[in-house]
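Note on naming: letters A, B, ... go to the chains in the order of the sequence lines (proteins, then strands), and numbering restarts at 1 for each one.
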Number of protein chains: 2
Amino acid sequence: MTTTDATEPVVEELERYGRLAREAALSYLEADGLSPYLVAPAVDYLARGGKALRPALCLAACEAFGGDPARALPSAAAIELLHTAFLVHDDVEDDSDLRRGEPTLHRRYGRAAAMNAGDGLAVMALGALRGNERLLGPALAARVWAEFDFMARQTVEGQALELGWQRDGLTDLGPDDYLELIMKKTCWYTTLLPLRVGALVASSGASKPANPFRGSASPTPDPEALLRFGFFLGAAFQIRDDLLNLTGAEALYGKERLGDLREGKRTLMLIHLLAVAGDEDRRRLRRWLELPPQARTSGIREEVLAMMEAHGSLAFADEFARGIARSAAVAFDEAFADAPDSPSRRFVADLVPYMVDRDR
Amino acid sequence: MTTTDATEPVVEELERYGRLAREAALSYLEADGLSPYLVAPAVDYLARGGKALRPALCLAACEAFGGDPARALPSAAAIELLHTAFLVHDDVEDDSDLRRGEPTLHRRYGRAAAMNAGDGLAVMALGALRGNERLLGPALAARVWAEFDFMARQTVEGQALELGWQRDGLTDLGPDDYLELIMKKTCWYTTLLPLRVGALVASSGASKPANPFRGSASPTPDPEALLRFGFFLGAAFQIRDDLLNLTGAEALYGKERLGDLREGKRTLMLIHLLAVAGDEDRRRLRRWLELPPQARTSGIREEVLAMMEAHGSLAFADEFARGIARSAAVAFDEAFADAPDSPSRRFVADLVPYMVDRDR
């Protein structure tokens, strides 16, 4: 076991939920006699495991609010399928070498087959959502579908924003810009959608205007508090992810170290460094950021990392993430106030410290 | 006007339908304050025009069967958005230089932004389909959605098959394999889905088991005949497309000439050539096909083209396409027997000769 003691129970629960979601996800790919030319690359990342954070949040939120997690399983599978599709495309976009400690899909199958497998995974996710119609009834299925639609818009817009900032060479960004970016790029698909869909399915979908989750006598979240919780939880996750890209052991983290510096990603650490560095260092940084990714050699990347360490940018981001995690804990208490104590409620609560303590 | 006289009336109708569909498609991208970082690359190909064959088929089929084409417009827009998404991803997959006579999207915006714009276009297509729920009612909207779901599976599977054949270096393929491939890769999304959705929307969606299109007193297609028609029409389209890649003027065709030979695509012409070439030529061909795409230089490509010309492979494919077009005309008469004469019915009929005569 490669995790620290504090995160171990969370990891075990993640593995349990992950198995459920992955089995369901794979069932859509193995169902109807699809060509092995499509299935083999499409199942590759799923078979490598992964944290399964997103489907776990969906299933646990459903259960914590008194729902039957089996009714959230197609949605959880769709989340994992879409997440896998994003990873495949993201790896092609960044031309990454490693994912989950093995060669990326385009290294293994070529770029075209990998991109097509990503498209195929997204198609399978939509197929999973179509199954909701029979399982949940048309009204609730349509509301779940609307959540996915909104999330997908936010995600592609966030990705476009991040790439646009890199392309335009923006260097005058503040922490607020970063938070706005990851709200779109990360939080909707990593935490907000899973939480909202889990709670929606638990509520059985009938709604009063005041609270879209209140459809039955079961406990319901306060929608505003759930939004806050999902945002803080997702932001803590992303900042930790960015930190692991700089400091994590490649074997654990499973991705190429310092890949974000090669991409010139506008992380909180880079934004901090640009703000606090002296004039000369800032000028050098800006010159580096104007280079194309392949010109940001490992020597340059190590030098930028050393500057971040010297200027306390890593400590700043870690402290920032821990502050956000404290806000997440407060928002959790409000959002889940109505939900009685249960293993799934405790699991969601435990995800808050897990987000900032995990080492993979 | 760059078209021959025979295709001119069809081209004018295509342009009229195309304007309608593109305006609708753009409205989804320009609607809700999306970031210019996403919108600019996403609208780029749409603004370049294009044949608009797919949305035109959908709108015309709806109208020919007595439906109001306005009720098919969101579906037609979704078809055009999805088609554009496919083009963007296809150009990245093949690393093409030109699309519609201008640089491809990844040449203009970088690979990552282009791939993300493709994803964004697909997301917008699904948003357009969500709008069907209010316009068509939940039952018919769900049936249209099922058509898109099935089509998308066929398309990604067809693409996987084509890439897999290239990767595995298959050279023992026959015309039947090619037809099976393009049924999946091309026909579902180019002709079958547009025709079926147009007819479904016209029928208002209530159904008898015997004929899914028969929902009202309006004229309805025979589903089997419509399948045959769509398949023959799409096959004629794809064979002509493959021929234009070899013989078309780049300025008209808007794509890089001989790109398919660089990719090693298993076209009908290549399958014919492999079957009829002498032993020595066949050995040389097989060696060429084992090379990576970038090693199939323009010299090699011109040589393969010369072999195809010498062995009558182009004439064979052209004749094959014209035979299929004759079958399409027969199937059209059966599929549209119930539909009274109208401009839209005549337009669909005229598409049959257009498919094999067009020069772009």
Side-chain angles (χ1 to χ4, degrees), chain A residues 32 34-42 85-86 89-90 92-95 109-124 126-127 129-130 133 138-139 141-142 145-146 148-168 184 263 292-293, chain B residues 32 34-42 85-86 89-90 92-95 109-124 126-127 129-130 133 138-139 141-142 145-146 148-168 184 263 292-293:
Chain A
D32 42 2
L34 287 168
S35 162
Y37 283 124
L38 179 62
V39 175
F86 290 154
H89 282 186
D90 208 50
V92 176
E93 290 178 20
D94 296 347
D95 198 17
Y109 290 93
R111 183 169 58 203
M115 283 181 63
N116 188 59
D119 289 341
L121 284 159
V123 169
M124 297 302 149
L126 300 173
L129 289 183
R130 278 219 313 132
E133 202 161 319
W145 175 242
F148 273 83
D149 185 23
F150 184 80
M151 172 279 288
R153 279 158 203 269
Q154 298 295 314
T155 308
V156 292
E157 200 183 2
Q159 179 78 349
L161 216 56
E162 173 158 69
L163 294 166
W165 289 358
Q166 289 164 214
R167 191 178 170 84
D168 286 356
K184 284 182 181 291
E263 293 312 306
Chain B
D32 43 2
L34 285 170
S35 163
Y37 283 125
L38 179 62
V39 175
F86 289 154
H89 282 185
D90 208 49
V92 176
E93 290 177 20
D94 297 346
D95 199 16
Y109 290 93
R111 183 169 57 203
M115 284 181 62
N116 188 59
D119 289 340
L121 284 159
V123 169
M124 296 302 148
L126 301 173
L129 289 183
R130 280 219 312 131
E133 202 161 320
W145 175 242
F148 273 83
D149 185 23
F150 184 80
M151 171 280 288
R153 279 157 202 270
Q154 298 296 314
T155 308
V156 293
E157 201 183 1
Q159 179 78 349
L161 216 56
E162 172 158 70
L163 294 167
W165 288 358
Q166 289 164 214
R167 190 178 170 83
D168 285 356
K184 284 182 181 290
E263 293 312 306

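Considering all non-hydrogen atoms of both residues, G118(B) and A85(B) come closest at O-CB, 3.3 Å. Contact detail for E133(A) and A142(B): the closest heavy-atom pair is OE2-CB, 3.6 Å.
Contact tally against chain A (heavy-atom pairs below 4.5 Å) for D95(B), N116(B), L38(B): the top residue is N116(B). Contacts with chain A were tallied for V156(B), V92(B), L163(B); V156(B) has the most, counting heavy-atom pairs under 4.5 Å. Contact count versus chain A (heavy atoms, under 4.5 Å) is highest, among G127(B), A40(B), P138(B), for G127(B). With chain A as partner, the option from M124(B), R130(B), H89(B), Q166(B) having the largest number of non-hydrogen pairs under 4.5 angstrom is R130(B).
Residue D168(B) touches chain A through its side chain alone, counting heavy-atom pairs closer than 4.5 Å. When heavy atoms are compared at a cutoff of 4.5 Å, D90(A) does not approach chain B at all. Of the atoms belonging to A146(A), heavy atoms from both backbone and side chain fall under 4.5 Å from chain B.
With E157(A) contributing its side chain and S35(B) its backbone, the two residues share a donor-acceptor pair below 3.5 Å. In this structure, R167(A) contributes its side chain and Y109(B) its backbone to a donor-acceptor pair below 3.5 Å.
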- Item | Pair F148(A)-L126(B), side-chain contact (heavy atoms from CB on, under 4.5 Å): steps then yes or no | CA-CA 10 Å; F148(A) 273 83; L126(B) 301 173; over 6 Å; no

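Counting only heavy atoms from C-beta outward, the side chains of E263(A) and E162(A) never approach each other to under 4.5 Å.
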